[in-house]
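Take a look at the structure below.
For this chain, numbers begin at 1 and follow the sequence in order. Remember, it's 1-based here, ligands and their atoms both numbered in the order they're listed. Computed from a predicted structure; not experimentally measured.
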Amino acid sequence: MKLANSTTTAVSLIKASLKRIEETNDWHIFTFVDKDAAIKKAEEIDAKIKKGEPVGRLAGVPYALKANFLSKHRPADASAKILTEFISPIDSTTAEKLEKEGAICVGCVNLDAFAHGSSTENSYYGPTKNSADRSRVAGGSSGGSAVAVALDCVQFATGSDTGGSIRQPASFNGVYGIKPTYGTISRYGVVAMASSLDVIGFFTKSASDLDLLMSITAGQDSKDQTTLPDFYGKDDTQLTKKCIGYVKEFMNSPALDPEIKSALESKLTSLHSMGYETVELSMPTLEYALAAYYIIQPAEVASNLSRYDGVRYGFRSGDLKATDNKTSIDLLFENTRSEGFMRENKRRIMIGNFVLSSGFYDAFFLKAAKARTLIINEFDKAFERVDAILSPVSPNPAFKLGEKVDDPVSMYLEDVMSVPVNLAGLPAVAFPAGKNKAGLPLGLQIIGPRRSDKNLIKITEELV
Ligand code: GLN
């Protein structure tokens with residue numbers, strides 16, 4: 001991290017960031033730029049430095065918030081029309097912790113509305129473009145965060161990962177991304193997607209920056225009852241086995257791009273020379289992860305999105321003329337939700353309500369929950385043998401804008417290698433692994449047992 005100090009002012013760091021945001025306007029990264037507030041905050045930090053007063057571990061560092069992180073004074077609408085007029089009464093715990101250490105938010109960045117997607121094309125504001133090729137997708141749902149870091153608009157950005165939304169855009173844009181152990185970082189003040197899967201994490205340009213951000217933000221929060229007591233700073237898990245696994249079923253998948261496969265093989269060779277043993281793992285239940293995810297996640301989405309009714313949050317449809325068979329309150333709910341949600345949000349609400357409905361619950365939701373347990377057990381068994389698992393993040397590099405947006409199943413297949421990690425609540429670090437012949441970034445992920453987040457960062461640091 002480049003910090004403000006006696007030679008570099010916070011104002012100069014923020015001005016450079018704001019200039020870069022302007023220069024990269026064509027990528028369509030930011031949905032809101034907080035220029036005046038950012039400069040004011042930078043001036044306050046510079047004044048402290050001048051007086052010799054202590055400043056935090058992120059003094060003057062410009063960062064971006066994924067627009068599903070709520071802020072009292074910034075529009076944070078999760079790139080969804082239904083939240084566009086919403087003014088949050090709270091700040092997210094994560095932003096509070098970062099800003100206490102002197103980080104300065106320069107604005108909010110684009111995502112798939114409500115974080116539903118793998119390309120950032122489902123945004124109410126239109127897509128963010130890939131950092132290396134503007135005809136391709138940024139990945140998603142945290143596309144804006146990944147591209148903001150890749151193109152040096154900010155030194156880091158926040159993200160949320162329910163099924164790959166940090167790791168996949170990180171890998172499409174050649175930056176680092178962490179999906180921590182479930183419950184490591186407070187989700188208070190972040191728009192909920194699927195609560196048993198959602199985690200908060202970061203995008204950076206180095207593994208050591210991930211470590212710094214984790215040490216600042218990890219820990220229990222009384223406002224989020226799913227947070228774990230802080231283990232990150234006190235991590236005493238050791239890489240005792242000196243053994244890294246790779247998943248046979250992923251490596252043999254016909255969907256896996258050959259250049260990603262060879263990037264992974266070359267990392268296995270590097271691991272060997274670093275003194276690790278590498279072993280092939282057969283994990284046949286991972287095949288069911290995508291199907292289980294696309295039942296559990298929409299079920300939780302349907303429940304979390306039921307609160308948007310035109311009364312309590314943001315946008316309200318104006319067309320409320322009662323008819324013979326509909327009252328104006330019916331129309332308020334119906335029209336607000338019809339106009340305010342994107343197509344993909346509606347698809348998930350419908351699937352979610354279907355899999356939870358009486359008569360279908362046993363056949364779908366319950367079965368998916370059982371499959372989830374089998375996946376958790378399979379990972380636990382693998383970690384009896386290996387310290388961590390090296391895996392592709394997604395089967396392919398960034399695809400063309402528009403290529404999958406009308407074909408939800410092919411979009412969902414993007415997540416086949418990322419969702420098992422969320423279902424099992426495990427930590428994973430996505431890191432850059434070179435570029436393909438066309439110059440597109442390739443990414444891999446290293447997955448570990450719960451609470452091994454720091455070890456994964458350590459391995460990544462050695463490996464890249
Ligand atoms: N692409 C996945 C989905 O659309 C994951 C999204 C996320 O992690 N927020 O569900």
Nearest non-hydrogen protein atom, atom 7 (C) of ligand 1
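Heavy-atom neighbour on the protein nearest atom 7 (C) of ligand 1: S165 OG, 2.4 Å.
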Protein contact of atom 2 (C) of ligand 1 - nearest heavy atom, named by residue and atom, plus distance:
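Among all protein heavy atoms, the one nearest atom 2 (C) of ligand 1 is D415 OD2, 3.1 Å.
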Applying ring-ring contact (aromatic ring centres under 6.0 Å, His included) between F354 and each of F364, F365, Y361, report the one that passes.
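Answer to the ring-ring contact (aromatic ring centres under 6.0 Å, His included) test with F354 among F364, F365, Y361: F364.
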Contact check: [X] vs ligand 1, nitrogen or oxygen atoms, below 3.5 angstrom:
X: G117; result: yes
X: D161; result: no
X: K66; result: no
X: S160; result: no
X: H116; result: no

Supply the atom-to-atom distance [X] [atom1] to [Y] [atom2], rounded to the nearest 0.5 angstrom.
X: Y288; Y: I375; atom1: OH; atom2: CD1; result: 10.0 Å
X: E300; Y: D198; atom1: CD; atom2: CG; result: 7.5 Å
X: N173; Y: D133; atom1: CG; atom2: CG; result: 10.5 Å

Under 4.0 Å, heavy-atom basis, I'd like to know which part of [X] is in contact with ligand 1: side chain, backbone, both or neither.
X: M193; result: side chain
X: S141; result: side chain
X: Y293; result: side chain
X: E344; result: neither
X: Y294; result: side chain
X: T162; result: both

For atom 4 (O) of ligand 1, which of the options E414, R348, Q297, M411 provides the nearest non-hydrogen atom?
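Selected option, by shortest heavy-atom distance: R348.
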Which ligand 1 atoms does G163 reach within 4.0 Å, using its non-hydrogen atoms?
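Counting atoms of ligand 1 from 1, those under 4.0 Å from G163 are 5 (C), 7 (C), 8 (O).
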For S118, counting its heavy atoms only, list the atoms of ligand 1 lying under 4.0 Å from any of them.
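So the answer, numbered in order with elements, is 1 (N).
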Do the charged groups of [X] and [Y] touch, with an N to O distance under 4.0 Å?
X: E344; Y: R347; answer: yes
X: D91; Y: R74; answer: no
X: D211; Y: K454; answer: yes
X: E96; Y: K100; answer: no

Taking I82 as the fixed residue, which of D77, T336, N345 is the one that meets the side-chain contact (heavy atoms from CB on, under 4.5 Å) rule?
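For I82, the side-chain contact (heavy atoms from CB on, under 4.5 Å) check succeeds only for T336.
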Is the NZ atom of K205 crowded by more than 12 outside heavy atoms at less than 6.0 Å?
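Check passes, neighbour count above 12.
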